[in-house]
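Contents: one structure, followed by commentary.
The shown structure was predicted, so the numbers you read here are calculated from the model rather than taken from an experiment.
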Amino acid sequence: MSRKKLTAAPWSDRIFDLVVYVAITMVTIVTLYPFLNVLAISFNDSTDSIKGGITIYPRVFTLKNYETIFAYSGLMTGLKISILRTVTGTILGLISASMLAFTLSRVDFQARKFVSTFLALTMYVSGGLIPFYILIKNLEMMGTFGVYVLPSLVSAFNVFVIRSFIDGLPYALQESAKLDGANDFTIYWRIILPLTKPALATIALFLAVGQWNAWIDTYLYNGSKDTLTTLQYELMKVIQSTTTNADTFRGRNMTQVMAQISPESVKMAITIVVTVPILLVYPFLQRYFIKGMTLGSVKS
């Protein structure tokens with residue numbers, strides 16, 4: 001019995017593999033280095049950070065930067081409101097967008113072209129900030145939690161992504177369900193939603209990131225409401241407080257605080273505080289996110 005000799009890969013393939021590995025390594029370093037650098041500075045002594053030269057690990061480890069942030073009186077209230085608006089806005093946004101997308105995907109919906117055109121126009125035409133502010137004021141939504149959720153309840157982009165995904169599903173599934181006596185809501189809830197998990201996960205990530213990072217609506221509509229403040233808005237105030245407001249920190253003199261920290265160190269610590277929670281959500285949605293972006297954008 002003769003043995004087959006294993007032939008070595010040609011030099012061209014080896015060089016190509018080497019180039020690919022080097023390129024992937026460089027991209028990984030470029031992607032991770034900024035985040036690791038911010039993390040290192042946030043845990044480094046502020047006096048030492050002024051000297052520069054911090055790379056991916058703290059030179060003089062300290063927790064004073066984070067202690068300063070969490071000593072801020074409005075932080076926990078802002079954290080609760082941010083979590084509540086993110087969860088509520090994401091769930092309601094998914095339900096409203098998926099319902100409208102399911103309706104527009106139905107061939108027996110006579111107004112589908114008109115509604116689709118109207119939605120598409122909202123992606124290109126906007127009334128601007130002042131008319132929107134006047135609208136919110138006339139609707140008596142100033143100083144309410146609803147201003148965080150209701151204005152962004154329906155997004156044309158989200159509707160079109162979900163509808164594109166639904167259009168790729170066999171319409172025979174809906175017809176067979178109707179023959180079995182299912183109504184439209186049952187078809188939507190029992191058939192469409194389970195099959196559109198990738199698209200829903202994609203939109204959920206978009207909605208969650210948008211709600212978590214939002215702060216301008218707090219500044220415009222709820223800036224005077226301490227009970228409705230958000231984490232992003234409060235941390236923005238912390239940055240200003242490190243240089244201008246000595247009354248922000250409970251029972252602490254700003255001169256003493258600034259002797260231990262610097263605005264740059266606080267900025268890095270704040271970046272970590274607002275980034276880590278949303279990073280923890282992404283791994284749970286990653287496989288659905290990739291599949292949803294692929295199938296939702298390419299019509300079969």
Side-chain angles (χ1 to χ4, degrees), residues 74 77-78 80-106 109-167 188 196 199-237 239-240 274 278 289 292-293 296-297 299:
T77 301
K80 294 176 183 178
I81 297 298
S82 290
I83 293 176
L84 181 61
R85 72 171 291 179
T86 300
V87 175
T88 305
T90 301
I91 294 176
L92 294 181
L94 279 178
I95 294 176
S96 59
S98 60
M99 280 186 172
L100 185 54
F102 170 66
T103 303
L104 295 179
S105 68
R106 297 289 298 268
F109 179 54
Q110 298 180 355
R112 58 181 300 188
K113 290 185 178 180
F114 172 78
V115 177
S116 298
T117 303
F118 179 80
L119 282 176
L121 289 176
T122 63
M123 300 176 64
Y124 303 99
V125 180
S126 174
L129 179 60
I130 295 178
F132 188 75
Y133 181 88
I134 296 174
L135 175 64
I136 295 297
K137 187 176 181 179
N138 291 337
L139 293 175
E140 298 183 354
M141 295 177 61
M142 302 284 289
T144 64
F145 181 81
V147 76
Y148 294 145
V149 179
L150 296 180
S152 58
L153 197 60
V154 176
S155 170
F157 174 79
N158 298 341
V159 172
F160 289 146
V161 170
I162 300 176
R163 191 193 71 173
S164 177
F165 193 93
I166 296 176
D167 288 340
Y188 161 77
T196 55
L200 295 179
T202 303
I203 300 305
L205 188 60
F206 290 160
L207 291 172
V209 171
Q211 289 284 0
W212 180 261
N213 290 332
W215 68 272
I216 190 65
D217 48 5
T218 307
Y219 175 75
L220 292 175
Y221 312 120
N222 291 336
S224 60
K225 286 280 187 177
D226 294 336
T227 57
L228 292 175
T229 187
T230 56
L231 179 63
Q232 303 286 350
Y233 181 65
E234 290 299 321
L235 293 180
M236 182 270 294
K237 289 164 60 176
I239 297 178
Q240 296 178 346
V274 300
I278 205 67
F289 177 78
M293 287 299 294
S297 59
K299 191 173 181 179

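In this structure, Val154 and Val159 have side chains that are in contact, with non-hydrogen atoms separated by less than 4.5 Å. Taking the side chain as every heavy atom from C-beta outward, Val274 and Asn213 never approach each other to under 4.5 Å.
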Verdict with reasoning, Ile81 to Thr229, per side chain to side chain contact (heavy atoms under 4.5 Å, CB included) | CA-CA 7 Å; Ile81 297 298; Thr229 187; 5.6 Å; no

Going through the checks in order, is the side chain to side chain contact (heavy atoms under 4.5 Å, CB included) test met by Arg85 and Thr218?
-> CA-CA 11 Å; Arg85 72 171 291 179; Thr218 307; 4.1 Å; yes

Please test Val147 against Met142 for side chain to side chain contact (heavy atoms under 4.5 Å, CB included), starting from the C-alpha separation and ending with a verdict.
-> CA-CA 7 Å; Val147 76; Met142 302 284 289; over 6 Å; no

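Distance alone, capped at 3.5 Å, places no donor-acceptor pair between the Asn222 side chain and the Asp217 backbone.
Distance CZ/Phe132 to CG/Leu220: 9.5 Å, rounded to 0.5 Å. Atom CG of Leu100 is separated from atom CZ of Phe102 by 11.5 Å, given to the nearest 0.5 angstrom. From Ile162, atom CD1 reaches atom CD1 of Ile203 across 5.0 Å, with rounding to the nearest 0.5 Å. To the nearest 0.5 Å, the span separating CZ on Arg106 from CD1 on Ile166 amounts to 10.5 Å.
For the pair Pro151 and Gly146, the tightest heavy-atom approach, listed with the atom from each and the gap, is CD-O, 3.5 Å.
Take Phe145 and apply the ring-ring contact (aromatic ring centres under 6.0 Å, His included) test, not counting sequence neighbours, and it matches Tyr148. A search for side-chain hydrogen bond (donor to acceptor under 3.5 Å, both in side chains) contacts involving Tyr188 returns Ser98, not counting sequence neighbours. Listed by chain and number, the residues in a side-chain contact (heavy atoms from CB on, under 4.5 Å) with Ser82 are Trp212, Thr230, Leu231 (sequence neighbours excluded).
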Could you list the donor-acceptor pairs under 3.5 angstrom formed between side-chain atoms of residues 112-130 and any protein atom two or more places apart in sequence or on another chain?
from, atom 1, to, atom 2, distance (Å)
Arg112, NE, Leu104, O, 3.2
Arg112, NH2, Leu104, O, 3.2
Ser116, OG, Arg112, O, 2.7
Ser116, OG, Arg163, NH1, 3.0
Thr117, OG1, Lys113, O, 2.8
Thr122, OG1, Leu119, O, 2.4
Ser126, OG, Gly128, N, 3.3

With a cut-off of 3.5 Å and sequence neighbours excluded, list every side-chain donor-acceptor pair involving residues 87-97.
from, atom 1, to, atom 2, distance (Å)
Thr88, OG1, Leu84, O, 2.8
Thr90, OG1, Thr86, O, 2.6
Ser96, OG, Leu92, O, 2.9
Ser96, OG, Gly93, O, 3.1
Ser96, OG, Leu153, O, 2.6

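Taking the six-membered ring where tryptophan is involved, the planes of Phe157 and Phe206 are tilted, since the angle between them lies from 30° to 60°.
Among residues at least two apart or in separate chains, there is no side-chain hydrogen bond (donor to acceptor under 3.5 Å, both in side chains) pair with a member in residues 128-141.
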